[in-house]
Amino acid sequence: MEHRPGLDPAVADVRRAVRVGLAPRAGRGTVVVALSGGADSLALAAATAFEAPKLGLRPVAVVVDHGLQDGSADAAAAAVAAAEGLGLDARAVQVEVGTAGGPEAAARDARYRALRVAAREASAVAVLTGHTLDDQAETVLLGLARGSGATSLQGMPATSDLNGVALLRPLLDVRRETTRAACTALGLRPWADPHNTDPAYARVRVRDRVLPVLEAELGPGIAEALARTATQLREDADAFAEMIDETIEDIVEHAEAGISVSIPALAANPAAVRHRIIRHVVASEFGQSLTRTQTLEVARLVTEWTGQGPIDLPGCRARRIGTRLEFTAR
C-alpha cells in the first residue's frame, strides 16, 4: 500500500499496477492508452497520466468510436475531453465494424486494428488496455463454456504482441470495483456503455447472471480463483510451448509444398504433446487453427493407421506417407 497522505487506496492500487506494467519500458518513448470512457479505461488513463511521465514515457489516449449506437460520437468526444482533463494528448478514431465472428468479435477486431495504426503513427512502444480481474474471470468462464481447451482457459496475458507493439493489460490483478472507486475518488465520471448491460451478449450474461450465482452458491472469491487458474494454465502452456519447440526441431522436416513430421516420434510422445505438435505445425506453417475434432482425426493417422487417405484441413491437407506425416498446402 502506498503511504501518501490523503491518497485513496483504490487510486493507489491502480497506479501501482500501471507503474509495475510500465516499468520495463521506462524511458522508451510513447505509450497509447485505449480509452472507452468507462470506469476501467478511465481509471487506467488517470493512472497512466500520473505514472508514465515519472518513467520517462509520454502517454497519449486513443478513443475508438465503433459507431454502433446513437450518440457514440458524443460519447467519444466526452472521453477525449476527460483524457485531456487528465493532461493527456487524446483523439478519437472512428472505425467501421464488420460482421465476421459475430458483433463482439468484429468490434474487437476493428478496435485493435485502430489501436495498431494509432500506435504506429505515434511510434509507441506499448498499447495499454483496461482489462481487469473481472474481465479475466469472464473470459475463463466463456472459454470453459465453449469447451475450447486450455488455450481459452488461459484467459488474457498481461503482455502480448499487437503486430510488433507490446499490448499491456496492467489491471488484470485489479477488481472492477477498484477502478470504479478510483474514478469516484478522482472526481471522474465514467460513461456507461449500454452494450455492457445488454443480455444479448454472452459476456454480459456471464457478468450479470453467472458469476453472481457462483459467488452466492460457492462463496466469495470465485473471480479471483478463475483468474489464478488462468495464470497457472498460462505458466503450464509456456512450459509446454518450450518443450514443443525443442521436440519439433528434431522431428520435423520440410517437404515439397509443406512440412512433414516423424510418425515414430509422434507416436512415442504422450497424447497431449502429440496433439500440440500437430496443432503447432498447422498454425506455424499454414496460419490455421485446428479444432480438437480435426486434431484427433490427424492423430489417428499416427496411432490408428488402417490405410485411411488424406484429411482436408483448414488451409492444408494431412496424409501419411511411410513413416512421415505430411502436411501440404491445399
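Quantities reported herein were computed from a predicted structural model and do not represent experimental measurements. Values below: all heavy atoms of this structure, side chains included; hydrogens, waters and symmetry mates excluded.
Once rounded to the nearest 0.5 Å, the distance linking CZ of R324 with CD1 of I263 reads 8.5 Å. Taken to the nearest 0.5 Å, the CG atom of L57 stands 9.5 Å off from the CZ atom of R25. Here the CD-CD1 distance, from Q294 to I278, works out to 11.5 Å after rounding to the nearest 0.5 Å. Atom-to-atom distance recorded for R279:CZ and R274:CZ is 12.0 Å, nearest 0.5 angstrom. With rounding to the nearest 0.5 Å, the separation of CZ in F286 from OG1 in T328 is 6.5 Å. Distance CD/E304 to CD/E297: 11.5 Å, rounded to 0.5 Å.
Cluster membership for I259 and I251, using ILVMFWY side-chain heavy atoms within less than 4.5 angstrom, is shared. Taken together through direct or relayed side-chain contacts under 4.5 Å among Ile, Leu, Val, Met, Phe, Trp and Tyr, Y201 and L142 form parts of separate hydrophobic clusters. Following chains of ILVMFWY side-chain contacts shorter than 4.5 Å, one cannot reach L88 starting from L128, and the two form parts of different hydrophobic clusters. Both V140 and V210 belong to a common hydrophobic cluster when Ile, Leu, Val, Met, Phe, Trp and Tyr are linked at side-chain heavy-atom distances under 4.5 angstrom. Under the 4.5 Å side-chain heavy-atom criterion for grouping Ile, Leu, Val, Met, Phe, Trp and Tyr, L171 is not connected to V127 through any hydrophobic cluster.
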Query raised in the report: Can you list the steps and then say if L188 with L86 is a side chain to side chain contact (heavy atoms under 4.5 Å, CB included)?
Result: CA-CA 10 Å; L188 302 174; L86 293 167; 4.1 Å; yes

Query raised in the report: Taking it one step at a time, do L22 and L168 satisfy side chain to side chain contact (heavy atoms under 4.5 Å, CB included)?
Result: CA-CA 8 Å; L22 289 178; L168 309 181; 4.2 Å; yes

Report task. In sequence, state the C-alpha distance, the side-chain angles, and the governing distance for R169 and S160, and then conclude on side chain to side chain contact (heavy atoms under 4.5 Å, CB included). Result -> CA-CA 9 Å; R169 299 180 177 93; S160 57; 3.6 Å; yes

Report task. With side chain to side chain contact (heavy atoms under 4.5 Å, CB included) as the test, would you mind laying out the steps for L313 and Q288 before giving the verdict? Result -> CA-CA 9 Å; L313 301 167; Q288 299 289 338; over 6 Å; no

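Between L226 and L144 there is no side-chain heavy-atom pair separated by less than 4.5 Å. Side-chain contact between P157 and R234 is present, with heavy atoms from C-beta onward closer than 4.5 Å. Under the 4.5 Å side-chain criterion, counting only non-hydrogen atoms from C-beta, L290 is in contact with P314. Between H275 and L296, some side-chain heavy-atom pair lies under the 4.5 Å cut-off. Put simply, the side chain of V14 does not reach to within 4.5 Å of the side chain of L44, judged on heavy atoms. Side chains of V165 and V32 form no contact here, defined as non-hydrogen atoms less than 4.5 Å apart. Annotation: side chain of Q154 is not in contact with side chain of D236 (no heavy-atom distance under 4.5 Å). Two residues are said to be in side-chain contact when any heavy atoms from C-beta on lie closer than 4.5 Å; D135 and R207 meet this criterion.
Within a 6.0 Å radius of CZ in R330, other residues, nucleotides and ligands contribute more than 12 heavy atoms. Around CG of N269, the count of heavy atoms belonging to other residues, nucleotides or ligands within 6.0 Å exceeds 12.
When each of D13, T132, D134 is checked for a side-chain hydrogen bond (donor to acceptor under 3.5 Å, both in side chains) with R175, only D134 meets the rule.
Side-chain atoms of R58 never come within 3.5 Å of backbone atoms of G29 as a donor-acceptor pair (strictly under, hydrogens ignored). Within the 3.5 Å criterion, the main-chain N or O of M156 finds a donor-acceptor partner in the side chain of Q136. The main-chain N or O of A241 is never found under 3.5 Å from a side-chain atom of R276 such that the two would form a donor-acceptor pair. Under a 3.5 Å cut-off, the side chain of R320 and the backbone N or O of L301 do form a donor-acceptor pair. Checking side-chain atoms of S41 against main-chain N and O of S36 turns up a donor-acceptor pair under 3.5 Å.
Ion pairing between a basic and an acidic side chain is recognised when a charged N comes within 4.0 Å of a carboxylate O; E51 and K54 show such pairing.
Closest non-hydrogen pair, P53 versus T48, comes out as CD-O, 3.7 Å. In terms of heavy-atom proximity, D208 sits nearest to T197 at OD2-CA, 4.4 Å. Closest heavy-atom contact between L186 and V11: CG-CG2, 3.8 Å. When all heavy atoms of A181 and D8 are compared, the closest pair comes out as O-OD2, 4.4 Å. What you find for G143 and L153 is that their closest heavy atoms are C-CD2, 3.9 Å. Taking both residues in full, the closest heavy atoms of V18 and P170 are given as CA-CB, 4.1 Å, listed atom of the first, atom of the second, then distance.
If you check the side chains of R203 and T139, you find a donor sitting under 3.5 Å from an acceptor.
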